[in-house]
**Student:** 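Dropping a structure here in structure tokens format, bear with me for questions.
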Amino acid sequence: MPVKSESKKKKTVSAAAAKAAAPKKRAAGKCSGKAAKKCAAAPASKEQVAEKTAPSKLTRIIVKYNVGWGNQLYIRGTGAGLNWHKGVLMQCIGEDEWLWEQLVSKGGLKFKVLVNDEIWNADEDSSVEAGETVIFHPTF
């Protein structure tokens with residue numbers, strides 16, 4: 001009888017080894033491992049694909065305003081990563097010059113300038129097209 005139990009064990013081990021060696025089948029549309037991140041991403045819309053493939057143009061806004069010692073200028077708006085809720089700090093490039101620059105793939109943007117991201121300039125919304133440089137003289 002011990003011989004029979006040994007043969008059963010060998011068969012069990014052989015079946016387990018064969019099962020482990022057999023290639024795993026994946027269900028259609030399923031991903032695993034490293035490919036899961038790529039597979040899980042939603043398909044890109046036509047606009048997203050066009051935006052990624054469109055050549056970006058350096059767009060610059062230069063603000064000429066002496067904001068005073070210890071103060072800073074911020075920019076808010078729509079387009080090119082700007083929004084109306086939180087400003088982006090502009091770079092001080094002179095005692096009365098502030099710069100914001102960004103690669104913009106298409107279209108344009110609207111913007112306003114704020115002192116210390118709190119005090120809005122009194123002018124109407126300003127705009128700039130992709131690839132242009134605008135020199136802006138705000139009033140507060």
Side-chain angles (χ1 to χ4, degrees):
M1 280 205 198
V3 174
K4 288 182 183 177
S5 62
E6 285 180 21
S7 63
K8 283 184 181 177
K9 286 182 183 177
K10 286 181 183 176
K11 286 182 182 177
T12 305
V13 171
S14 298
K19 187 176 180 180
K24 294 181 181 179
K25 294 180 182 177
R26 290 187 193 160
K30 300 286 182 175
C31 296
S32 63
K34 293 180 182 178
K37 289 181 183 176
K38 291 180 184 176
C39 202
S45 69
K46 289 180 183 178
E47 291 174 353
Q48 289 172 333
V49 171
E51 194 170 291
K52 288 181 182 179
T53 59
S56 296
K57 300 174 184 173
L58 187 61
T59 306
R60 291 186 175 127
I61 298 171
I62 299 171
V63 177
K64 300 283 280 176
Y65 186 79
N66 187 343
V67 72
W69 181 256
N71 296 306
Q72 298 175 320
L73 287 182
Y74 287 76
I75 185 169
R76 294 188 192 188
T78 57
L82 295 176
N83 69 64
W84 294 109
H85 304 290
K86 184 177 180 184
V88 175
L89 178 63
M90 297 184 77
Q91 178 184 0
C92 182
I93 57 173
E95 66 181 50
D96 68 343
E97 283 188 327
W98 295 80
L99 172 69
W100 176 88
E101 60 185 359
Q102 181 77 30
L103 289 173
V104 179
S105 59
K106 65 176 184 173
L109 56 108
K110 291 190 176 195
F111 69 93
K112 277 190 145 318
V113 177
L114 295 87
V115 175
N116 297 327
D117 206 22
E118 295 174 354
I119 303 168
W120 295 78
N121 70 287
D123 309 301
E124 294 290 322
D125 295 350
S126 299
S127 62
V128 61
E129 291 297 315
E132 290 184 358
T133 297
V134 170
I135 297 175
F136 180 60
H137 297 273
T139 54
F140 288 94

**Student:** Does L99 reach the side chain of E97, with side-chain heavy atoms less than 4.5 Å apart?
**Tutor:** no

**Student:** Report the distance from atom OG of S127 to atom CD of E132, rounding to the nearest 0.5 Å.
**Tutor:** 8.0 Å

**Student:** A side-chain contact here means heavy atoms from C-beta on lying under 4.5 Å apart; do L82 and V88 qualify?
**Tutor:** yes

**Student:** Heavy atoms, side chains only, cut-off 4.5 Å: are L73 and V115 in contact?
**Tutor:** yes

**Student:** For a 4.5 angstrom cut-off between non-hydrogen side-chain atoms, does I61 reach L109?
**Tutor:** yes

**Student:** Do F140 and V67 belong to the same hydrophobic cluster, where Ile, Leu, Val, Met, Phe, Trp and Tyr are linked whenever their side-chain heavy atoms lie under 4.5 Å apart, directly or via other members?
**Tutor:** yes

**Student:** In a check of salt bridge (Lys or Arg N to Asp or Glu O under 4.0 Å) between D117 and each of K112, K86, R76, which one passes?
**Tutor:** R76

**Student:** So which residues get pulled into L103's cluster when ILVMFWY side chains under 4.5 Å apart are joined, directly or through others?
**Tutor:** L58

**Student:** Taking side chain as C-beta onward, heavy atoms only, is D96 less than 4.5 Å from Y65?
**Tutor:** no

**Student:** Would you confirm whether N66, through its side chain, and G68, through its main-chain N or O, come within 3.5 Å as a donor-acceptor pair?
**Tutor:** yes

**Student:** At what distance, to the nearest 0.5 angstrom, does NZ of K106 lie from OG of S56?
**Tutor:** 11.5 Å

**Student:** Enter the distance from I62:CD1 to T133:OG1 here, rounded to the nearest 0.5 Å.
**Tutor:** 6.0 Å

**Student:** Please give me the minimum heavy-atom distance between P138 and K64, naming the atom from each residue.
**Tutor:** CD-O, 3.7 Å

**Student:** Taking the side chain as everything from C-beta on, heavy atoms only, tell me whether N121 gets closer than 4.5 Å to T139.
**Tutor:** no

**Student:** Minimum heavy-atom separation for N83 and H85, please, with both atom names.
**Tutor:** OD1-N, 2.7 Å

**Student:** Is any side-chain heavy atom of D125 closer than 4.5 Å to one of W84?
**Tutor:** yes

**Student:** Out of curiosity, Y74 OH to W120 CH2, how far, rounded to the nearest 0.5 Å?
**Tutor:** 13.5 Å

**Student:** With heavy-atom distances below 4.5 Å as the criterion, would you say the side chains of R60 and V134 are in contact?
**Tutor:** no

**Student:** Taking side chain to side chain contact (heavy atoms under 4.5 Å, CB included) as the criterion, tell me which of M90, E95, Q91 meets it with I93.
**Tutor:** Q91

**Student:** Using the rule that two of Ile, Leu, Val, Met, Phe, Trp, Tyr join whenever any of their side-chain heavy atoms come within less than 4.5 Å, decide whether V104 and F136 are in one cluster.
**Tutor:** yes

**Student:** Say whether I75 and I119 are linked into one hydrophobic cluster, either directly or through other cluster members, by side-chain heavy-atom distances under 4.5 angstrom.
**Tutor:** yes

